[in-house]
Amino acid sequence: MDFVVASSTETLTHCPYCALQCGMTLVRSGDRVTVAARAFPTNKGGLCRKGWTAAELLTAPDRLTGPLMRDRKGGTLRPVEWDVALDRVAAEMLSIRDAHGADAVGVFGGGGLTNEKAYLLGKFARVGLGTSTIDYNGRFCMASAAAAGQRAFGIDRGLPFPLADIADAEVILLIGANPAETMPPIMQYFEEQQRRGGQLIVVDPRRTATAATANVHLALSPGSDSALANGLLHIAIQDGLIDRTFIATRTEGFEAVRRTVASYWPDRVERQSGIAERDLRRVAHLLGKAKTAILLTARGAEQQSHGVDNVLAYINLFLALGHAGRKFCGYGCLTGQGNGQGGREHGQKADQLPGYRKLDDPDDRAAVAKVWGVPPESLPRSGRSACELLNDLGPEGGIRALLVLGANLAVSAPDGNRTRERLASLDLLVVADPFPSETTALADVVLPVAQWAEEDGTMTNLEGRVLRRRQAIQPPPGVRTDAEIIADLARRLGRGAYFSDVPAEIFEEFRRATAGGVADYAGISRDRIETPDGMYWPCPSEEHPGTPRLFLERFGTANGRAKFHAIEYRPPAEEPDRQFPYYLTTGRIMSQYQSGTQTRRVAALNEIEPAPFVEIHPDVGSTLGCVDGDLVRLLTRRGSGEFRARFTPTMRLDTLFVPFHWSGVGCANNLTNQALDPVSKIPEFKVCAVRVEAVTKQTRSPVL
Ligand code: SF4
């Protein structure tokens with residue numbers, strides 16, 4: 001594929017993958033584009049192997065370069081002109097809306113979309129289609145941390161402090177995170193913290209690459225986080241480690257928490273969590289005696305049916321110890337997806353308007369409606385969360401058409417067999433993607449779109465730092481941007497006057513729509529973030545310097561106090577039993593990313609980790625008569641899959657681990673449980689009950 005070369009040969013931009021948003025330089029030489037590292041605060045010149053190889057995505061041989069359409073269900077996807085594809089999409093959306101109501105047409109977005117696209121998609125749903133049916137795949141990712149942060153502190157921003165603060169904290173409590181594999185450059189900060197004499201405590205059922213670097217590793221039983229957190233707080237109270245002045249002056253609700261944790265005696269918590277009493281005491285004292293400490297959570301604790309409770313229970317511990325609202329202290333979430341932060345602020349969520357505004361708040365509705373030039377009463381009410389939306393696809397649930405941007409639902413959603421069944425039951429499935437995927441394979445219409453280096457936009461990284469992602473090359477001929485598609489569809493729906501497809505214009509409108517909101521970007525102009533390091537929200541005016549650290553004076557709640565929440569431990573929705581005797585947990589590995597739509601196309605990454613596998617304790621493997629590398633079958637109540645056994649002596653005897661980057665018989669999400677957290681509606685990807693069997697020649701799946 002030939003590139004149309006822009007005027008300069010080097011473009012300062014950011015990695016297309018995770019929320020660290022490492023700075024990189026794309027260097028063009030003839031028709032070649034290569035990645036060079038550059039100094040940027042999150043990665044300090046480092047990149048992981050995904051970042052180094054990211055330019056390969058720009059020359060992927062199977063790139064989609066023209067719309068595809070099938071005439072009937074079960075028919076073949078065939079190339080068509082853009083007008084034919086968009087005419088059909090608009091006509092069918094209108095006829096479904098006329099016949100079944102506006103909510104029968106849905107939109108599904110992604111946490112990797114730029115701020116401009118996330119904003120535009122939310123507006124398209126509410127103004128273009130008039131539907132309440134919109135949500136996004138961030139619901140699978142950071143939703144529990146976001147809900148807990150909102151409840152405890154009144155504001156959810158991944159890290160309420162710069163990443164660099166990590167190196168200055170005496171103690172770090174890192175929960176359910178494996179950044180040594182998922183975002184390796186961040187490890188520079190943890191290494192620096194330890195070099196300065198700090199302690200790193202990792203809580204994870206697995207001895208991950210990150211846990212192996214820790215001073216203390218607590219290999220808790222999957223799903224027992226809130227018991228562990230309550231147990232640590234119990235000891236802290238008993239041993240006089242809590243900060244009564246901080247509790248009295250900056251928080252509320254401690255008494256109910258004190259009463260709740262009173263019954264989490266160390267021996268009881270040892271039984272619930274599998275963590276020995278002496279280790280509980282050691283960690284409580286390390287945290288309680290530290291002058292500064294930072295709490296970080298990731299998907300391990302969050303992707304559970306009690307994910308919000310888990311995070312709140314850990315926050316309770318930190319509030320009681322006075323480790324919040326000060327420099328080098330506080331709670332942060334290691335956001336996963338590239339724009340996991342910005343993507344959850346600007347209207348892709350079912351209940352949300354731009355700037356972290358709420359659809360059910362009359363003032364928020366009026367403020368955004370004014371910017372959009374529509375009556376507030378025309379805006380739909382809150383819709384269904386991601387899994388609820390997916391369950392309602394098809395005639396029975398009432399959603400008959402779905403437009404998907406930036407998500408590969410057929411691989412990334414839990415209970416994959418059911419998800420694919422529901423997607424196939426739609427009257428109209430439209431998928432916009434740069435590449436063929438397991439979800440485009442189910443679509444009635446496929447729209448080829450530009451990818452990261454081919455368009456302009458802004459991203460908000462895990463620190464709440466707003467960045468420029470600059471266009472380095474032109475997209476291939478025949479490809480359009482998501483914004484062009486949305487604006488064109490809006491025009492065909494008779495709503496074109498409300499939509500621009502120019503990134504700079506969208507950004508200016510988006511700034512106005514966020515003004516006065518919690519995530520206020522009003523003062524962040526594209527010129528101001530031309531500076532290499534970007535700016536932190538909230539930034540309410542062009543004179544405002546941005547806000548690297550939140551909560552130093554007051555928390556974001558109405559009265560400025562952080563809130564305790566009394567949490568009782570509740571077990572996961574599914575626990576091992578005689579039929580399914582092990583815990584299954586899932587996660588990411590270093591050389592792949594999310595559903596693999598991008599990374600499975602990069603040869604250098606595939607060579608490192610070409611196929612799905614299961615980490616299993618050798619003793620468990622040998623009871624099956626297996627040796628390392630044998631094929632085993634995993635079965636849950638929802639489905640089965642076949643994986644190469646990777647004997648891992650550090651695994652718990654009761655737990656298996658499968659990465660979720662592959663499809664087909666190695667699709668981890670064919671096994672996972674859709675049990676939802678009642679608040680965040682995140683599915684329980686991290687815990688379910690599983691059985692494991694040896695696979696023989698006779699029982700082996702024919703596709704392997
Ligand atoms: Fe890209 Fe994340 Fe790797 Fe950085 S850590 S290079 S942002 S995938």
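Just so you know, these numbers come straight off a predicted model, no measurement behind them. Heads up: numbering here begins at 1 and tracks the sequence. Start at 1 and go down the list; that is how both ligands and their atoms are numbered.
- For ligand 1 and Cys22, the ligand atoms under 4.0 Å from any heavy atom of the residue are 4 (Fe), 5 (S), 6 (S), 7 (S).
- Using a 4.0 Å cut-off between charged nitrogen and carboxylate oxygen, Asp62 and Arg601 count as a salt-bridge pair.
- In this structure, the side chain of Asn669 does not engage the main chain of Pro414 through any donor-acceptor pair within 3.5 Å.
- Close contacts between ligand 1 and Tyr17 involve ligand atoms 8 (S) [criterion: under 4.0 Å to a heavy atom].
- No close placement of the Phe613 and Phe643 rings is indicated, their centers lying 6.0 Å or farther apart.
- Contacts of Gln21 with ligand 1, taken as heavy-atom pairs under 4.0 Å, involve the backbone alone.
- The cationic group of Arg157 does not satisfy the cation-pi geometry with Tyr536, failing either the under 6.0 Å distance to the six-membered ring centre or the 45° limit from the ring axis.
- Heavy atoms of Pro185 found under 4.0 angstrom from ligand 1 belong exclusively to the side chain.
- Nearest non-hydrogen protein atom to atom 3 (Fe) of ligand 1 is Cys48 SG, 2.3 Å.
- Residue Cys15: no N/O/S atom is found under 2.8 Å from atom 2 (Fe) of ligand 1.
- The closest protein non-hydrogen atom to atom 2 (Fe) of ligand 1 is Cys18 SG, 2.3 Å.
- When the options Tyr119, Tyr356, Phe510 are evaluated for a ring-ring contact (aromatic ring centres under 6.0 Å, His included) with Tyr521, the one that passes is Phe510.
- Annotation: cation-pi pair Arg206/Phe657 present, NZ/CZ under 6.0 Å from the ring centroid and within 45° of its normal.
- Every atom of ligand 1 is numbered from 1 in the order shown, and the set under 4.0 Å from a heavy atom of Gly51 is 6 (S).
- Within ligand 1, the atoms closer than 4.0 Å to a non-hydrogen atom of Lys50 are 8 (S), numbered from 1 in the order shown.
- The cationic group of Lys681 does not satisfy the cation-pi geometry with Phe140, failing either the under 6.0 Å distance to the six-membered ring centre or the 45° limit from the ring axis.
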